[in-house]
Amino acid sequence: MSSSLVSTPFAAAAQKRLLAAPVPLHSFLLSGRRQPPRRAGTIRCAVAGGNGLFTQTKPEVRRVVPSDPRGLPRVKVVYVVLEAQYQSSVTAAVQQLNADPRRAAAFEVVGYLVEELRDEDTYATFCADLADANVFIGSLIFVEELALKVKAAVEKERDRMDAVLVFPSMPEVMRLNKLGSFSMSQLGQSKSPFFQLFKRNKANSSNFADSMLKLVRTLPKVLKYLPSDKAQDARLYILSLQFWLGGSPDNLQNFLKMIAGSYVPALKGAGIKYDDPVLYLDSGIWHPLAPTMYEDVKEYLNWYGTRRDANDRLKDPKAPIIGLVLQRSHIVTGDDGHYVAVIMELEAKGAKVIPIFAGGLDFSGPTQRYLVDPITGKTFVNAVVSLTGFALVGGPARQDHPKAIAALQKLDVPYIVALPLVFQTTEEWLNSTLGLHPIQVALQVALPELDGGMEPIVFAGRDPRTGKSHALHKRVEQLCTRAIRWAELKRKTKEEKRLAITVFSFPPDKGNVGTAAYLNVFSSIYSVLSDLKKDGYNVEGLPDTPEALIEEVIHDKEAQFNSPNLNVAYRMNVREYQSLTSYASLLEENWGKPPGHLNSDGENLLVYGKQYGNVFIGVQPTFGYEGDPMRLLFSKSASPHHGFAAYYTFVEKIFQADAVLHFGTHGSLEFMPGKQVGMSDACFPDSLIGNIPNIYYYAANNPSEATVAKRRSYANTISYLTPPAENAGLYKGLKQLSELISSYQSLKDTGRGPQIVSSIVSTAKQCNLDKDVPLPEEGEELPPKERDLVVGKVYAKIMEIESRLLPCGLHVIGEPPSAIEAVATLVNIAALDRPEDGITSLPGILAATVGRDIEDVYRGSDKGILADVELLRQITEASRGAITAFVEKTTNSKGQVVNVANNLSKILGFGLSEPWVLPTGKNIHALDPQAIPTTAALKSAKIVVDRLLERQKADNGGKYPETVALVLWGTDNIKTYGESLAQVLWMIGVRPVADTFGRVNRVEPVSLEELGRPRIDVVVNCSGVFRDLFINQMNLLDRAVKMVAELDEPAEMNYVRKHAQEQAEELGVSLREAATRVFSNASGSYSSNVNLAVENASWTDEKQLQDMYLSRKSFAFDSDAPGAGMKEKRKAFELALATADATFQNLDSSEISLTDVSHYFDSDPTKLVQGLRKDGRAPSSYIADTTTANAQVRTLSETVRLDARTKLLNPKWYEGMMKSGYEGVREIEKRLTNTVGWSATSGQVDNWVYEEANSTFIEDEAMRKRLMDTNPNSFRKLVQTFLEASGRGYWETTEENLDRLRELYSEVEDKIEGIDR
């Protein structure tokens, strides 16, 4: 790319003309080279260059060879760095050295970015360069797999080279250091004070960096007076570090002179003179127009106040003040153009700036020193923007998030972490569908999120020729505008602030306005608006009740999108829409000319909602293609439609919201097409959200999708609680069974035992338990032991049903549950061992009091041993009693926790293994993606995999499954720290290997002897969210599978190799390519769309659903070409699926089970696999349930039955939902629709489930009337779903039932249309 990519902070007139052109432009401008206009609507796809990697840059741009060596001794220097900011400085230094007429040597230099070493050709060049190098320099080498490559290459030449200098990097690379007698080969082991410095601060690398800087300042002065060579060599190492951190061409010239003159044998007598390093402040304040760097914030502000160039807006005392966090290395090396651009843009927009920098990796101290008034303790700034991309404390090394959080809490202002491109050039990033390089996502997106950072906007690119950073002007403008908008929120008065509350309606037009997971949306909005009103916000005209609010927003509750029955807040004509929506023409390829037929009356685009004073409640349009079977088949998702774009245009440009509040989990904005992470202007989430600060209520148990919202739509997420969970309990025949079992236990040794068993068997059959428990024929005589076993198995099953947790009702924001409501959850939490905290489970302690191990009791109960089932029931009852007593003792009359805030409130919640998410109302974050799977996750994964394989062997004539097709979910892997990821690794027989910092980037095979079974082949379907969050782990998995396929092992012990060899032959490809097993959607697309088709009844037959799955889910990740993104490999996907003997999914949460959400059946390939298998045999289907301490592997049909019994058919659950009114009816209908989804994808739903649901909700006249009166639209959908289940052959029932349903459908239609019969 031409050098014109590097641009000044000020837009030239020519560039302004270009910006007005109708062609869609990216954030940078190419002058002197016309861009052909792109076809509207196309987004450029990933173009991985020749090597399929993320970057195609080569070291040749960093090679300087002396043009006139004049027979002087040659000094060759090879350097490897993380980022490119040293490139121009080093190049300038060497060119100046070679131009000096008095030079004593000819210098040759070549530099490598560590990322380039992934390419085998580049790595070979690197090794060749080292072979005749005198000096090696390395800095910030923290990516393990590349660090090991550097170590291997340098080690071979280390003894021969004259000097090896490595500055802060992984210990493996630091040990390469060698300068005369100074060495670090004993790093971490040596007893010398120098090495103790490295050891002492290992636990806290931010302090390590600070200590290094202090050491760098003082040691040379001390060492100068010590006579030994060792001390002088150590002194020169420290001076080298000073020169390097100084970074300017002058410092680097003197550095090279010092090393060459002291250590290159040919120059030892040459007396090369060098100056001491020019030292810069370790931390301070820097402004490009200031005469100096400042150590005192008051001095800086004095200078700032007297600037003559400042405009009037900057002189306004009310001007917002933005703190900027900068990397010192960019300033001292002169690679600061992107920083200058941000400073100038902020000032042009009327914001003052305090740009602070630090030389180490810890910015927490400087933020307190320079952004907080030392006298008043108040912060100077209204927002902080970090331009480093790194976590606040620790940079790319080991982070200290608690320290960072403490510093940021003192500032108490919005904290944005923007990104300069590090591992890619501008063009490579723009052309990539993945967006940011996965290592940069891990280091500079995921880690800053753990500090509380938000809005990962790419603001600077990198020039491939010079390596310099340059501003991406439209991105800089957006970053600065958004930062000022956040700052304004801190400064505006409450009466002035305008808020757009956005609710969702999914699926559209069926009584679904205000859909959100576990949330009573309108009651919550009402609660929030009432609080805002009390707090002084203008919420004029707010009705008196939540029910009245629903009426006003949706009019007679008819949430029908294509009719005007929703309240129309604004009609936008086409001309206004096109003039205000810069990207409108890009939508025409998918949707034609505006206004289109969605959210439109044929002439205008319609914005639905209602305004109350300065608050607008709006209904977000849906994707628009959910009812179109043809569009659902497309492998990549369509752009937003005109109505969707018009909604966000209205919110930003017409209503002029200061912030948008997306209300509940979740909408469509964050799932619109675009890059996975690191949006460009051409990505729709970025275009839609524009410059509006985005606040998003997200369920606390869904960190994965919340993280997608943070990264793709710049959301600041606020967690809300899920409803308190209760035990499912027993009802009807199940309750009767429990009473019969009690009788049997007290009377079994009398003559009545056989008679009671006979009643238990017949009642169990009436309750349809015969599918779950092997029952004898009625009237069959059984010996006492067998009677006990039958009763034990029935008892175990009903105890499993009784104790299952289910969330009751829906949460209302601002209404915390009482502690007593959380007892069932607390009992489950207390049942978990927490070895890391030294905590033994309560059931474990109780079992020990009677001399038993709780694991043995669990196993015995699972087998139906009556005594163990009874003992487990007693242990459970004792746990419940103890915890209830504890709660009653520690709560007040309202049932709220009073005196154990740090104990109970920390664990009062839902997710069993992560009590730290409470209290809610906090910014949600995920985790360091490179930290999983953890050792604990691997341990749990082994148990589940072993049970899965045992179960499959038992069901399959003692044979292991050759292939298991499974799903990886984002949220599950966050909550369990990678358990399901570890399950895949254990199936194929490999274990993860963590590096020094605990990051997992490597695997090693487990020997067949240790494994004790064959390696099981896998087909891994990663959800779109998992792909976005854990692309590093997809890379790890793909490398692991390919490594296993290449092991020289017999086919009967390595099914991965067996199948890969067969598929390589069939496809005519290499073994490695045939071993492709890690699949997902295309980048920027999510789900198989099977869920959309089922929810909207927009499918004709199962084959159509299977085609959707194959076309949407057949995109493979290739670790050999990771930069290429997701590549369509449908044939490889089909061949791999055709070998599957079992399908498998994980359940890790009591709130989300198989029929609660549509995701699970959307990812289920059971019937599809049957169609692809050569023998046409249906695979076994299993679900691992780790929601309790006693993990279970059940068949899919067992799990669907358990779900139906505990939720859909359970009076406790549906009455709890009915208390939530309008929204509760929708929740009941949703469970039935999802049950039909399971029939469609797996055929594993029993007829009795539909029959019982019909008798519960349709035959019962009182229930029927309640449903129809409360939400007629959702009731209509419920009736329609019953008829659909029958029509598709999933439910066989009487004609009488069907006639009743048809009549009801007609009746409810009339009610909706207002016709009285």
Side-chain angles (χ1 to χ4, degrees), residues 518 699-701 721-730 796 798-809 811 817-837 839-847 854-855 857-858 861-862 869 871-887 897 903-918 920 936 940 943-944 971-972 975-977 979 1146-1153 1156 1183-1192 1194 1199 1202-1203 1205-1207 1210 1212-1213 1216:
Y518 321 105
N701 67 342
L721 205 55
T722 52
E726 295 181 35
N727 295 112
L730 299 172
I798 65 169
M799 283 294 90
E800 177 180 66
I801 294 166
E802 188 277 338
S803 61
R804 195 157 174 83
L805 285 186
L806 52 105
C808 284
H811 179 62
S818 67
I820 211 77
E821 288 177 299
V823 164
T825 304
L826 293 172
V827 170
N828 257 23
I829 291 173
L832 292 176
D833 282 325
R834 294 182 186 277
E836 67 279 11
D837 299 323
I839 295 172
T840 304
S841 72
L842 185 52
I845 294 165
L846 292 169
I854 190 65
E855 285 300 321
V857 178
Y858 287 148
S861 175
D862 291 346
V869 182
L871 177 58
L872 185 55
R873 187 193 67 77
Q874 291 170 1
I875 287 171
T876 305
E877 289 302 323
S879 296
R880 287 176 187 170
I883 284 172
T884 304
F886 170 58
V887 165
V897 180
N903 297 321
L904 193 59
S905 68
K906 274 193 178 172
I907 57 171
L908 185 106
F910 45 87
L912 296 186
S913 45
E914 62 292 325
W916 41 263
V917 301
L918 291 163
T920 52
S940 304
I943 294 167
V944 171
T971 286
D972 295 13
K975 286 186 186 172
T976 62
Y977 293 89
E979 262 180 44
N1146 281 282
L1147 284 181
D1148 76 305
S1149 158
S1150 54
E1151 306 100 44
I1152 310 178
S1153 195
D1156 292 319
I1183 304 289
D1185 178 348
T1186 54
T1187 59
T1188 65
N1190 183 15
Q1192 299 286 327
R1194 302 187 186 93
T1199 312
L1202 182 61
D1203 236 31
R1205 287 185 178 116
T1206 51
K1207 291 202 174 148
N1210 185 353
K1212 195 179 212 180
W1213 180 83

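- Here the side chain of Thr876 pairs a donor or acceptor atom with the backbone of Leu872 at under 3.5 angstrom.
- Between Gln1192 and Asp862 the shortest side-chain heavy-atom distance falls below 4.5 Å.
- A distance of 9.5 Å separates CG in Leu721 from CG in Asn701, rounded to the nearest 0.5 Å.
- Ile801 approaches Ala728 most closely through the heavy-atom pair O-CB, 3.3 Å.
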**Message:** Would Leu805 and Thr1187 count as a side-chain contact (heavy atoms from CB on, under 4.5 Å) here? Give the steps.
**Reply:** CA-CA 9 Å; Leu805 285 186; Thr1187 59; over 6 Å; no
**Item:** Step-by-step side-chain contact (heavy atoms from CB on, under 4.5 Å) determination, Leu832 to Ser841
**Value:** CA-CA 5 Å; Leu832 292 176; Ser841 72; 5.7 Å; no
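- For the residue pair Asp1203/Ser1153, the side-chain donor-acceptor check at 3.5 Å is satisfied.
- Note that CG of Leu871 and OG of Ser861 are 9.0 Å apart. Values are rounded to the nearest 0.5 Å.
- Rounded to the nearest 0.5 angstrom, Ile1152 CD1 and Thr722 OG1 are separated by 9.0 Å.
- The side-chain contact (heavy atoms from CB on, under 4.5 Å) with Leu806 is formed by just one residue from the set Asn1210, Asn727, Asp1156; it is Asn1210.
- Between Ala830 and Pro843, the closest heavy-atom pair is O-CD, 3.6 Å.
- Checked against Glu802 for a salt bridge (charged side-chain N to carboxylate O under 4.0 Å, His left out), the options Arg1205, Lys1212, Arg880 give a single hit: Arg880.
- Note that the CD1 atom of Ile854 and the CD1 atom of Ile845 stand 10.5 Å from one another [nearest 0.5 Å].
- A distance of 11.5 Å separates CG in Leu826 from OG in Ser879, rounded to the nearest 0.5 Å.
- Considering OG1 of Thr1186 and CG of Leu1147, their distance stands at 7.5 Å, rounded to 0.5 Å.
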**Asked** Going through the checks in order, is the side-chain contact (heavy atoms from CB on, under 4.5 Å) test met by Asp1185 and Arg804?
**Response** CA-CA 11 Å; Asp1185 178 348; Arg804 195 157 174 83; 2.8 Å; yes
**Request:** Evaluate side-chain contact (heavy atoms from CB on, under 4.5 Å) for Leu1202 paired with Arg1194, printing each intermediate quantity in order.
**Result:** CA-CA 10 Å; Leu1202 182 61; Arg1194 302 187 186 93; 3.6 Å; yes
